[in-house]
Amino acid sequence: MTTTATQAGPSDLFEPVGGTTEEVAARVMAASLGAQELAAVHAGERLGWYRALAQHGPCRAEELAALTATHGRYVREWLEHQAAAGYLTVDGDAFALTPGAAEVLTDVDSAAYLAPLGRMHAASGRVVDDLHAAYRSGGGVSWERLGADAREAQAALNRPFFLHGLAGLVAEALPELDGRLRAGARVADIGCGEGWSSVGLALAHEEVEVTGIDVDAPSVEAARRHAAALGVEDRVRFVASDAAAVEAGGDRYDLVTAFECVHDMGDPVAVLRAARGLAAPDAWVLVVDERVEPEFTAPAGPLDRWFYGFSLGVCLPDGLSHTGGVGTGTVMRPATLERYARAAGFSALEVLPVRHDLFRFYRLHL
């Protein structure tokens, strides 16, 4: 995710829904409007309309249709919708991205890049019948079943932070860990997805060697491409494996990480036990997960509500798709992670003094 996802400006959607008929009806109407806009964002990203506007500047409908090999009538309707929503400006019959929309919807390196949210919601919408069947039976819907949209969206949303924010945050708040990385630590990155966390650590620290581990084979293939494209494939390798089954072998690691993945795991205790086995006697084991409130409250703030939405559509169904899955869900509170860590053999869990809007940093002590 990104650091700006809950800072999009004033909106009734960011306040808990009221109890009157009028307040509930207004919230449902606002949610409908938001869902329509997100679907249009998904179309603009997938069909290349935003990218073409960013690259070529103001376009008429027929020009944008020609640039993107799409149908002019649909392009016209989409352009007018985007202008009506405020993402585009219009001068005569030429439409252009506002500066803010250009960054949020096309700048893949910006912390404000949120266009992939459309893909993530589309992934859940595509399997809604399966989700509802799982809600009835207690079964699950796997990450694989959610498809490329979910995988690619998650990676794209986290990419700016891992490439451009993580190392600076560690240097500022965790000098001991920063010193280890600068000295050339060996890192095992569990649940690495498309590998941006592994690649980011290697780019920021020239002596670091990283082994990224993920159970999803398409994610691992993408991670290898990303490492090669950014020239760190000699120091970053990726393994397609269930992290719970990975054994340390001879050498152990100076740092074992798990970025935004423990809450997705069917058996988090087994994975954390494996992480402990991979760690050298004086190693750091770092878990980074969602910054949810320490206790359940209702009504809740926008972050917990947002995370609950992803839990229903992505994380909880994926977790329960595994045999014996514990069903943590996205809203993994610190006490839950501490329970998992102690069951895996760790002596203590420490909440680290790292300031971030969406993530909480934990150290698991051996």
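By convention here, the first residue in the shown sequence is residue 1.
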Check residues 174-186 and write down every donor-acceptor pair under 3.5 Å in which the side-chain atom is one partner and the other belongs to a residue at least two apart or another chain.
{"residue": "Glu176", "atom": "OE2", "partner": "Trp284", "partner atom": "NE1", "Å": "3.1"}
{"residue": "Asp178", "atom": "OD1", "partner": "Arg182", "partner atom": "NE", "Å": "3.4"}
{"residue": "Asp178", "atom": "OD2", "partner": "Arg182", "partner atom": "NE", "Å": "2.7"}
{"residue": "Arg180", "atom": "NH1", "partner": "Asp282", "partner atom": "O", "Å": "2.8"}
{"residue": "Arg180", "atom": "NH2", "partner": "Asp282", "partner atom": "O", "Å": "2.6"}
{"residue": "Arg186", "atom": "NH1", "partner": "Arg252", "partner atom": "O", "Å": "2.7"}

Please set out all donor-acceptor pairs under 3.5 angstrom arising from side-chain atoms of residues 51-58, sequence neighbours excluded.
none

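Side chains of Ile190 and Met265 form a contact here, defined as non-hydrogen atoms less than 4.5 Å apart.
Here the two rings, on Phe310 and Trp306, have centers that are under 6.0 Å apart.
Legend: residues meeting side chain to side chain donor-acceptor pair (under 3.5 Å) with Asp267, ordered by chain and number and at least two apart, are absent. Applying the salt bridge (Lys or Arg N to Asp or Glu O under 4.0 Å) criterion to Asp304, with sequence neighbours excluded, gives Arg333. Applying the side chain to side chain contact (heavy atoms under 4.5 Å, CB included) rule to Ala223 yields the partners Phe238; only residues at least two apart in sequence or on another chain are considered. Scored by the side chain to side chain contact (heavy atoms under 4.5 Å, CB included) test, Arg235 finds Ala202, Val208, Val232 as partners (sequence neighbours excluded). Among residues two or more places apart in sequence or in another chain, the ring-ring contact (aromatic ring centres under 6.0 Å, His included) test is passed with Tyr87 by none. Residues forming a side chain to side chain donor-acceptor pair (under 3.5 Å) with Gln36 (at least two apart in sequence, or on another chain): none. Applying the side chain to side chain contact (heavy atoms under 4.5 Å, CB included) criterion to Pro116, with sequence neighbours excluded, gives Glu45, Tyr113, Arg119, Ala153, Ala156, Leu157. With sequence neighbours excluded, the residues forming a side chain to side chain contact (heavy atoms under 4.5 Å, CB included) with His164 are Asp109, listed by chain and number.
Pairs passing the ring pair (Phe, Tyr, Trp, His ring centres under 6.0 Å) check and including a residue from residues 189-222, sequence neighbours excluded, read Trp196-His226. Residue pairs meeting the ring pair (Phe, Tyr, Trp, His ring centres under 6.0 Å) criterion with at least one member in residues 89-109, sequence neighbours excluded, do not occur.
At a cut-off of 3.5 Å, with distance as the only test, a side-chain donor of Asp189 or Thr257 sits close to an acceptor on the other residue. Between the side chains of Gln154 and Glu194, not a single donor N or O lies within less than 3.5 Å of an accepting N or O.
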The test is side chain to side chain contact (heavy atoms under 4.5 Å, CB included); show your working for Leu97 and Leu88 and say whether it passes. CA-CA 4 Å; Leu97 285 163; Leu88 305 183; 3.5 Å; yes
